[in-house]
Amino acid sequence: MKFMKLGSKPDSFQTDGDHISLQILMFRYVATELATDIVVNVGDVKFYCHKFPLLSKSARLQKLVATSNDENGDELHIQDIPGGPGAFEICAKFCYGMTVTLNAYNVVAARCAAEYLEMYETVEKGNLIYKIDVFLNSSIFRSWKDSITVLQSTKSLLPWSEELKVVSRSLDSIASKASIDTSMVEWSYTYNRKKLPSENGNSPQWNGVRKQQTVPKDWWVEDLCELRIDLYKRVITTIKTKGKVSGDVIGEALNAYTLRRLPGFSKGMIPNNDIVKYRSLVETIVWLLPAEKGTVSCSFLLRLLRAAILLDCGETERNELMRRISQQLPEATVTDLLIRAPAGEATIYDVDIVHNLVASFMTHISQTDPVKKEFLESTRSPKFGPDASKVLVAKLIDGYLAEIARDPNLPVSKFVNLAEIVSSVSRPSHDGLYRGIDMYLKEHPGISKSERKRICRLMDCKKLSAEACMHAVQNERLPLRVVVQVLFFEQARATTSSGSSTPDLPGSVRALLPGGSHGSSRSTTTNTEEDWDSVPTAEDIKALKGELTTLRLSGETNRNGTAKTDIERVAASRMKGLAMSKIFSKLKSSKERNGEISSSDTSESPEETKSTPSVSRKHSLS
């Protein structure tokens, strides 16, 4: 820290105090042989001094003495002097020529007090104002940490420090140093974050000679965290105005400041005390965010949004965060999206916010210029194809659904509506979505058959991995329709991999398979429809697996020269065997009762709902 000594005489000020009516009055006097002839009252302190040294350097004291009454001419009251008794004492000691040490902590107070006392060069050459200005320009504002200390001290000296341009000069000093090329940084700074190997000088060159230790681009970030939010805002604004610091570094500075000044921010918790203070902090950070996309992480933005909700920040700040997050949503993680629902809500998490974020993201993607979109996609991982960002968001929502599905109070409508937003996105696997669906069915066993069917319709069984299929065919929470679909596609996949042709199935079973040739679904009555949508028993699943395995084994004979007609005959006979007779008898009996035996091929409408009462049956396929 820089300092400056003024004067050479020893300090002769002494202190004495008396207790009067429980109020402490402090007396400061100059211990000399010459009696004092003036008393200056500053706050609760009385200074017993001599007129000549004070009036010789202070034009204001001259005026006060000249205009005071004859009776009280020896006692002055200056209660509004900036810096209070401490600043006045510095000025008084300077008048006496006593030793005074100025540093970054007291120089602003001394400068403001000297201005108040009018200690100009016109009163006496080499007066206090001139000496302090020289010290500020030649030492304080050339020092990085002293400039920050001086700026902090200006807060209690407003409006004097503002009018004397101490604040603006401090801001310019700090911003200029933060904007300088890192190769020119020669002063000390605080840096506790982990550096890159190329930044800390530990990365050896090919010839064994280590690189000279480099200064990281964000070297100034931690020191500025000591500033209050109002001063911090002005510093960052000044740095941004100079235009030499990248948005990434500004974003890192905002992240570091928020973590330091907002307790619990990293854990998604906000202290209950001083809500107004923390609300102002969050709103200011949002206002300072760089305009460029990607300069701060999506995780940081989501934590800011969580804090903004808890602190009840303004609608403008929340909307701005929602807009930014939606543009960077592919970078988010499931944990980032787990925002607690407001107090009084039945659900655990705020699903509506995530729904709005995804909807905004999809709208933003659809409105992106094709040329710009192609450029953005080219910078992402090529394994997801041209719609990489959509695939990333779809997988993100699959994981999010698996988490919120544990909430026993989550309505089916919110679960399905969120999943349907990304249902149009073609992703290579539906394993994540299956986990979410399975978790929801497990935690909500009391939902109706129609709701169960609505949820399962979100999933494409053809996009389940072998491990997911193995779990699904043993999952007694899934409707029988879904189990049949999973079994068929798994057997078809195994058949294809072995080189065999996929065995033909009766039209009533093909009617259960989406996207294929369906039998006359309209001829299927309500009883049969509800049987397929019912939850299968373990015996049902075992029998279905056995029958489809038999079909696959029968189809393998095609590679050995067996005629296709023989395969069809064997398949048909197997499908009409004892194990499947009970299921198909439901189809046949229901058709006969309604006189609707038809062989025309039509597509089953998933949305079509029957009104005939259902008949509860248990499928015994043993």
Side-chain angles (χ1 to χ4, degrees), residues 1-2 104 107-108 133-155 161-162 164-201 211-261 281 283-297 300-301 304 320 324:
M1 178 180 291
K2 304 291 184 180
V107 67
V108 180
D133 285 343
V134 170
F135 177 54
L136 288 171
N137 295 328
S138 63
S139 298
I140 294 296
F141 293 137
R142 292 190 178 186
S143 168
W144 165 249
K145 292 194 174 182
D146 284 350
S147 297
I148 297 174
T149 302
V150 163
L151 180 61
Q152 288 176 302
S153 68
T154 60
K155 180 73 175 178
S161 57
E162 194 78 63
L164 295 175
K165 301 189 183 301
V166 177
V167 175
S168 60
R169 290 160 70 190
S170 300
L171 292 172
D172 185 71
S173 172
I174 295 170
S176 297
K177 290 175 176 58
S179 303
I180 201 172
D181 189 277
T182 54
S183 62
M184 302 176 65
V185 176
E186 299 176 347
W187 47 81
S188 62
Y189 55 87
T190 304
Y191 198 88
N192 295 317
R193 293 189 304 286
K194 185 177 180 180
K195 301 178 183 179
L196 297 174
S198 59
E199 291 180 333
N200 58 25
K211 294 175 63 177
Q212 184 179 1
Q213 183 171 344
T214 58
V215 177
K217 293 181 179 179
D218 58 346
W219 63 268
W220 50 268
V221 166
E222 291 188 41
D223 284 325
L224 294 189
C225 291
E226 303 300 327
L227 295 173
R228 293 171 130 188
I229 187 61
D230 53 342
L231 293 176
Y232 185 79
K233 177 182 179 181
R234 296 183 66 175
V235 170
I236 296 298
T237 302
T238 307
I239 292 175
K240 292 168 70 175
T241 301
K242 290 187 178 294
K244 295 182 180 180
V245 178
S246 67
D248 292 339
V249 178
I250 297 292
E252 177 60 28
L254 297 177
N255 186 21
Y257 186 85
T258 309
L259 289 172
R260 175 79 67 86
R261 308 294 290 196
L281 187 149
E283 291 178 349
T284 301
I285 294 298
V286 174
W287 187 85
L288 289 172
L289 289 172
E292 302 87 357
K293 175 184 174 182
T295 51
V296 293
S297 68
F300 173 65
L301 292 173
L304 270 182
E320 174 63 14
R324 288 175 176 268

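All figures in this text were calculated on a predicted structure; none of them were measured in a lab.
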- Query: For Gly247 and Glu292, which heavy atoms make the closest approach, and how far apart are they?
  - Reply: CA-OE1, 4.2 Å

- Correct closest heavy-atom pair for Asn192 and Thr190 would be ND2-CG2, 3.9 Å

- Query: So, the side chain of Ser153 versus the backbone of Val150: is there a donor-acceptor pair under 3.5 Å, distance only?
  - Reply: yes

- Nearest-0.5 Å distance that lies between atom CD in Glu186 and atom CD1 in Ile180: 8.0 Å

- Query: Sub-3.5 Å donor-acceptor pair from the side chain of Glu252 to the main-chain atoms of Val221, do we have one?
  - Reply: no

- Query: Just wondering, do Tyr257 and Ile236 contact through their side chains at under 4.5 Å, heavy atoms?
  - Reply: no

- Set of residues satisfying salt bridge (charged side-chain N to carboxylate O under 4.0 Å, His left out) with respect to Asp133, sequence neighbours excluded: Arg111

- Write down the atom of Pro216, the atom of Thr182, and the distance for their closest heavy-atom approach. O-CG2, 3.9 Å

- With sequence neighbours excluded, give me every salt bridge (charged side-chain N to carboxylate O under 4.0 Å, His left out) pair touching residues 134-147. none

- Query: Do Tyr232 and Arg261 come close enough that some side-chain heavy atom pair is under 4.5 Å?
  - Reply: no

- Message: Suppose we screen for salt bridge (charged side-chain N to carboxylate O under 4.0 Å, His left out). Which residues come up paired with Arg324, at least two apart in sequence or across chains?
- Response: Glu320

- Message: Quick check for you: to the nearest 0.5 Å, what is the distance between Leu227 atom CG and Lys233 atom NZ?
- Response: 14.5 Å

- Query: Among Tyr189, Trp144, Tyr191, whose side-chain hydrogen bond (donor to acceptor under 3.5 Å, both in side chains) with Asp223 holds?
  - Reply: Trp144

- Task: Applying side chain to side chain donor-acceptor pair (under 3.5 Å), run through Ser246 and Asp248 and close with a yes or a no.
- Result: CA-CA 5 Å; Ser246 67; Asp248 292 339; 5.0 Å; no

- Item | Nearest-0.5 Å distance that lies between atom OG1 in Thr238 and atom CD1 in Ile174 | 9.0 Å

- Item | Side chain to side chain, Ile250 and Ile239, heavy atoms closer than 4.5 Å | yes

- May I ask you to test the Leu136-Val107 pair for a side-chain heavy-atom distance under 4.5 Å? yes

- Item | Backbone of Leu288 reached by a side-chain donor or acceptor of Lys240 within 3.5 Å | yes

- Testing Ser168, Ser143, Ser147 for side-chain hydrogen bond (donor to acceptor under 3.5 Å, both in side chains) with Ser173, which one passes? Ser147

- Looking at NZ of Lys177 and CH2 of Trp219, how far apart are the two atoms once the value is rounded to the nearest 0.5 Å? 8.5 Å

- Note on the structure: Sequence neighbours excluded, the answer for salt bridge (charged side-chain N to carboxylate O under 4.0 Å, His left out) partners of Glu162 is Arg234

- Query: Do side-chain atoms of Glu226 reach the backbone of Gln152 as a donor and acceptor pair under 3.5 angstrom?
  - Reply: no

- Partner set under salt bridge (charged side-chain N to carboxylate O under 4.0 Å, His left out) for Lys244, not counting sequence neighbours: none

- For the student: nearest non-hydrogen atoms of Val296 and Gly251, plus distance: CG1-CA, 3.4 Å

- Task: Using side chain to side chain contact (heavy atoms under 4.5 Å, CB included) as the criterion, list what pairs up with Lys155, not counting sequence neighbours.
- Result: Arg228, Asp230

- Note on the structure: Only residue of Leu224, Leu231, Val235 satisfying side-chain contact (heavy atoms from CB on, under 4.5 Å) with Ile148 is Leu224

